[in-house]
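In what follows, a single structure is set out as structure tokens and then discussed.
Side chains are part of it too, since the values below use all heavy atoms of this structure and drop only hydrogens, waters and symmetry mates. Each ligand, and each atom within it, is numbered from 1 in the order the structure gives. No experiment lies behind these values; they were computed from the predicted model shown.
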Amino acid sequence: MTVNRKILTLDEFTLQQLRQFPSATGELSSLLRDIALAAKRINVEVNKAGLVDILGDAGTINVQGEDVKKLDIYANNQFMGVLQHGISCAGIGSEELDDFVVFDDEVSNNSKYVVQFDPLDGSGNIDVNISIGTIFSVYRRISPLGTPCVKEDFLQAGNRQVAAGYIIYGSSTMYVYATKRGVNGFTLDPAIGEFCLSHPDIKCPPDGKVYSVNHGNFFQYHENIREYINVCQKKTKETGGPYTQRYIGSMVADVHRNLMKGGIFMYPGTTDKPGGKLRLLYECNPFAFIVEVAGGRATDGTRRILDIPPTHLHERTPFFIGSKNMMDELDTYLEKGK
Ligand code: AHM
Ligand code: MG
């Protein structure tokens, strides 16, 4: 029998990586596998989302007599469950929970990492069959091993992330994660239920032709941002255009596309929400880390996202992220009139 050795599963890949560091304990690999397990479970439910009217609406009892939970709550519980029962995570922060959760049991108190996540980003898109995703961020705790983790473990700047990643539930389901050494993407093979390495060593093209922004908010943006958007629209062949506008309203899908093909994604502050909408700890920091490792950049308009000292779990920030040269061009407009 011939075995197709071109296929490398997520587990095989993380083990191979681990072997390059003889002193590594394997806790990070184990954490990444725990996340993959939760992702597979969430994927099954996301794929059934269209059946909700048949199986029962969220908050009702389904035909099997079970409580039907909203998918984002389901996703949150799956993530919390695998991380609490694994051997690598001392506590979590989640978009779905008011405060950080310290697991505080013997195994967790001896675990090296804390994880922050948005279990189902873009969940407003579930009903209409549009790609949604999970975003996560991993930090090495700074509190001593053997004790419960503390708030300071979670409120570290993004530049201290050990790993970050996302899962996109799209036309296929993909798990992308970054460590400082690189970004790799794995596509779920539903036939065997395994994430298989499909996009090794992802690099964000330095130039792109796509800009992603909510145009409905145009008149609420700062004039420098409006000017940049106008420039995007006026690009000609001679000036590197034409640019295309693409905005799904599901950041995981928008940033994933721009990461693979080149592009810029913006969620600026508006007159209604000067601090922007997106959350620093579990939406912007993980993507900033991934895109920087892939060669791109991410800022809040003035500061590098990864250098912002966080103050609380659900903190928001304006967010600009994407291909390096497009970000550099954006800067020339944002810096005007400073
Ligand atoms: P959510 O965490 O409530 O799902 O909100 C985050 C989402 C992002 O995925 C997306 O880019 C953005 O909200 C879209 O917001 P808007 O509709 O204001 O453009
Ligand atoms: Mg979100």
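- With a 4.0 Å cut-off on non-hydrogen atoms, Asp118 touches ligand 1 through its side chain and not its backbone.
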Contacts table for residues 188-200: side-chain donor-acceptor under 3.5 angstrom, sequence neighbours left out:
| unit_1 | atom_1 | unit_2 | atom_2 | d |
| --- | --- | --- | --- | --- |
| Asp189 | OD1 | Ala191 | N | 2.9 |
| Ser198 | OG | Gly185 | O | 3.4 |
| Ser198 | OG | Thr187 | N | 3.3 |
| Ser198 | OG | Thr187 | OG1 | 2.6 |

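- Summary of contacts: the protein heavy atom closest to atom 1 (P) of ligand 1 is Asp121 OD1, 3.7 Å.
- Here Asp300 contributes atom CG and Ile321 contributes atom CD1; the two are 12.5 Å apart, rounded to the nearest 0.5 Å.
- In Asn129, the CG atom is not crowded: 12 or fewer heavy atoms of neighbouring residues, nucleotides or ligands sit closer than 6.0 Å.
- Counting atoms of ligand 1 from 1 in the listed order, those under 4.0 Å from a heavy atom of Ser123 are 4 (O).
- Near Gly249, with a cut-off below 4.0 Å to any heavy atom, the atoms of ligand 1 are 9 (O), 10 (C), 14 (C).
- Residue-environment remark: CD (Gln20) exceeds the threshold of 12 foreign heavy atoms within 6.0 Å.
- In this structure, the separation between CG on Asp118 and CE on Met251 is 7.5 Å, given to the nearest 0.5 Å.
- The shortest N/O to N/O separation between Gly122 and ligand 1 falls below 3.5 Å.
- Atom NZ in Lys151 sits 10.5 Å away from atom NE2 in His312 (nearest 0.5 Å).
- The CG atom of Asp105 lies 6.0 Å from the CD atom of Gln84; values are rounded to the nearest 0.5 Å.
- A distance of 11.0 Å separates NZ in Lys48 from CG in Asn43, rounded to the nearest 0.5 Å.
- Look at Arg279 and you'll find every heavy atom at least 4.0 Å from all atoms of ligand 1.
- Below 3.5 Å of separation, one finds an N or O of Lys277 facing an N or O of ligand 1.
- Scanning all protein heavy atoms for the shortest distance to atom 14 (C) of ligand 1 gives Tyr247 OH, 3.2 Å.
- Residue contacts with ligand 1: Gly124 is excluded, as none of its non-hydrogen atoms falls under 4.0 Å.
- Other cluster members for Leu18: Leu15, joined by side-chain heavy-atom distances under 4.5 Å among Ile, Leu, Val, Met, Phe, Trp and Tyr.
- The distance cut-off of 2.8 Å around the Mg ion (ligand 2) captures these protein N, O or S atoms, sorted by chain and number: Glu95 OE1, Asp118 OD2, Asp121 OD1, Glu283 OE2.
- When non-hydrogen atoms are compared, ligand 1 lies under 4.0 Å from the side chain of Phe265 (C-beta onward) but not from its backbone.
- Close approach to Ser250 involves these atoms of ligand 1, each under 4.0 Å from a residue heavy atom: 9 (O).
- Once rounded to the nearest 0.5 Å, the distance linking CD1 of Ile42 with CG of Asn47 reads 12.0 Å.
- For Pro206, the side-chain contact (heavy atoms from CB on, under 4.5 Å) partners at least two apart in sequence or on another chain are Asn325.
- Inclusion of Met251 in the set of residues having an N or O under 3.5 Å from an N or O of ligand 1 is warranted.
- Closest to atom 3 (O) of ligand 1 among all protein heavy atoms lies Glu95 OE2, 3.8 Å.
- The protein non-hydrogen atom at the shortest distance from atom 18 (O) of ligand 1 is Tyr267 OH, 2.6 Å.
- Nearest heavy atoms, Tyr228 versus Met326: OH-O, 4.0 Å.
- Using a 4.0 Å cut-off between charged nitrogen and carboxylate oxygen, Glu329 and Lys235 count as a salt-bridge pair.
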